[in-house]
Enquirer: 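Pasting in a structure now, in structure tokens, and then I'll have a few things to ask.
So you know, we letter chains A, B, ... as the sequences are listed, proteins then strands, and number each from 1.
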Amino acid sequence: MSDSDSNPNPLENPFKSLSLNESQSIVANEAVERSANGDSVNGIASEEEEENTVGLIRAAEAQVDESSSSGVAWRENSQYEAEDFAPSSPSSSGYAGERGSSTGTSAGPIEEVGNDGIVRADSFSNAGAESAAPWVPGKRHLDEDDASISWRKRKKHFFVLSHSGKPIYSRYGDEHKLAGFSATLQAIISFVQNGGDRVKFVRAGKHQVIFLVKGPIYLVCISCTEEPYEALRGQLELIYGQMLLILTKSVNRCFEKNPKFDMTPLLGGTDAVFSSLIHSFSWNPATFLHAYTCLPLAYSTRQAAGAILQDVADSGVLFAILMCKHKVISLVGAQKASLHPDDMLLLANFVLSSESFRTSESFSPICLPRFNAMAFLYAYVHYLDVDTYLMLLTTSSDAFFHLKDCRTRIEVVLLKSNVLSEVQRSMLDGGLHVEDLPVDPSLRLGSACPHLRQDRIAPGSPNRFREVNVGIGGPSGLWHFIYRSIFLDQYVSSEFSAPLNSSNQQKRLYRAYQKLYASMHDRGSGPHKTQFRRDENYVLLCWITQDFELYAAFDPLADKALAIKTCNQVCQWVRDLENEIFLLGASPFSW
Amino acid sequence: MGCSSSLPDRNNGRLGVLSSENSGVADSKNLRVKLVLLGDSGVGKSCIVLRFVRGQFDPTSKVTVGASFLSQTIALQDSTTIKFEIWDTAGQERYAALAPLYYRGAAVAVVVYDITSPDSFNKAQYWVKELQKHGSPDIVMALVGNKADLQNNREVPVQDAVEYAEKNGMFFIETSAKTADNINELFEEIAKRLPRVSSS
Ligand SMILES: Nc1nc2c(ncn2[C@@H]2O[C@H](COP(=O)(O)OP(=O)(O)O)[C@@H](O)[C@H]2O)c(=O)[nH]1
Ligand SMILES: [Mg+2]
């Protein structure tokens, strides 16, 4: 971590000049330029630049100089990872050309191989997919700090620090060893803030640096994943929300009393919560759709669950939520209480990533930041089976035994009405499969007879149907879709199937959706209603109305007219199935 | 080796374990006792409880969040039964202010430290003081030095703990959740020390 005035390439390094109190205007300009010109962030880029970029990267790489590395010096030449990208096909795996006018394409450049950032040799999820070890939460690479090459090569860093520059959280490496780096980030943020500018975004070569200031807490993302600014900022917001869920906003008072307050002990034992949240940024659409998703269930089954939850809510429970992994079975709020989908996401992440909830019933203080960021609620959590868990939230710290009784009542009803076995069946069957999309309207059986796979296939042979279509996808080359109901704050996403088999392909599609979402919701360029994009990976189609948003991915050779027609069929299909795939009628959300 | 140094199969143990819920008002033969475990994170509180309640030891660490609730009923030789309603607290700093939520009204507090960690022994003393200030006045307190199987790494001398416990009117025992050593003895000893008259 020596001083690094010897940077060979000062011009290409705005970040560096920042840290030295000189040429401050660069930051300010960058930030202003960004906010004024949003489309360079989400623009739909041309696809032509990749090859040059690879060349540039290669050239830059040749000059890697590892000796000069101040924490803040994001020297471009040491950051490139071109070598790490699948060497067999450099032309389709290069990075986007950030030096050109366009920022990335929706194609190859957005891939971030491995959950873990380093492309090269990580054991986590490589393209082999099926055989890859399941992702395990928890912090990795604790031995790293900002002087490690491996640390600096990580593609996506998240930091949380205090306004006095004390580290609070780092995705990689040990917070305590990153004190110097943290202090530098703090210096940059307060420097710009004092100048009256709010630094939000800096581009340093390939890297985007995104800042989010929340009172005494600063959040920073440094990423070369080419995700849009809005998406990364949304991720920082969620990390902050997760922190509030654990501590409430009253943690700010500690900083009022003592600006140099060290917050890390307060987050003791929560690494898995944050790593699992960050992991979900690359697979869970709820993180950018701000909507939740339900486990598909027969209408009467979900009704039975909802009725008993309602019963319990009437007895003084604020929220009663029954979930299976990340999917909602049913949920009920006390009168006038509304639950934000982001709070649900953070709560589910907290429970799912904390192993101790599986061991026994528990009663823990938690805060729902969108509901009331200042106060703790008390959560009774109990697993009813391996994946299904019940959360009962209350404002009363004395309510444990009451909630425990409620749970017993709920459990009896769920068992009696077979809800738990239906849940397991639905887990096995999965959700919507594009191959099942009814093509010819005359073949549709009508909404009286829903098209969920589970209703069409005899139990015991769950895969017979699917085998016919393996490798083809749905009609007209439909590969995947996400349908979000605006009114319900819920979405439904089709299951991944061939050819989107590997976790990398899935992650890439997810990132493409994310980009599409950002561009559709970009305030600067007015509301978009539809968008059609074709690149070498997919045809992407987005359609937004007052009622829903549809995101669909097709084979790159798909016919445009057919794709549009298929999207209409998807919407019809979803409407026909809405009784099974959505939680209807009991929406506890504010409207 | 204690007389019950390893009794993973609870049904063959000295303690008869009853599974029925006697959640009604306790009578003099059937006591219900609220017990709270306190101590630094990582000293083995959850392992002690799981050893006592389920006869298991899982070496993979599962950080407790908030507090877990478990119960276990034991039968004493005089045919009274005692149902322990156990609050296993997390021990992390952020929950310190919320600890009263769990120890309020507790008849028994088990304060645990790790014999290989002087820090955890200091933390135990903090909890004892806290309980003396804010706990029920007639609370039964036990001081437990856990991980006794790690004799070679011992950093807290037995004598220090004995003296501290005596001074503060606690009873002291060293346990190992890993080998089950003294786990049942801990709870039996607690049972013996419970005031028998008041059971409401
Ligand atoms: N050697 C040894 N390890 C133990 C013992 N009890 C617990 N541990 C280990 O100590 C760690 C923390 O245990 P845990 O019960 O989660 O601690 P808690 O935070 O106090 O609940 C775990 O990795 C356990 O495997 C013991 O008696 N002997
Ligand atoms: Mg524990």
Enquirer: Side chain, backbone, both or neither: which part of I246(A) has an atom under 4.5 Å from a heavy atom of chain B?
Expert: both
Enquirer: Is L266(A) in contact with chain B via its backbone, its side chain, both, or neither, using a 4.5 Å heavy-atom distance?
Expert: both
Enquirer: So which of A96(B), G42(B), G66(B) has the biggest tally of heavy-atom pairs under 4.5 Å with chain A?
Expert: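 So the answer, after comparing A96(B), G42(B), G66(B), is G66(B).
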Enquirer: If the cut-off is 3.5 angstrom, what donor-acceptor pairs do you find between chain B and chain A?
Expert:
from: R54(B); atom 1: NH1; to: T359(A); atom 2: O; distance (Å): 3.0
from: R54(B); atom 1: NH2; to: T359(A); atom 2: O; distance (Å): 2.9
from: V63(B); atom 1: O; to: S356(A); atom 2: OG; distance (Å): 3.3
from: V65(B); atom 1: N; to: S356(A); atom 2: OG; distance (Å): 3.2
from: V65(B); atom 1: O; to: S364(A); atom 2: OG; distance (Å): 3.0
from: A67(B); atom 1: N; to: F363(A); atom 2: O; distance (Å): 3.4
from: A67(B); atom 1: O; to: F363(A); atom 2: N; distance (Å): 2.9
from: F69(B); atom 1: N; to: E361(A); atom 2: O; distance (Å): 2.9
from: R94(B); atom 1: NH1; to: L266(A); atom 2: O; distance (Å): 2.9
from: R94(B); atom 1: NH1; to: G268(A); atom 2: O; distance (Å): 2.9
from: R94(B); atom 1: NH2; to: G268(A); atom 2: O; distance (Å): 3.4
from: Y102(B); atom 1: OH; to: F363(A); atom 2: O; distance (Å): 2.7
from: R104(B); atom 1: NH1; to: D398(A); atom 2: OD1; distance (Å): 3.0

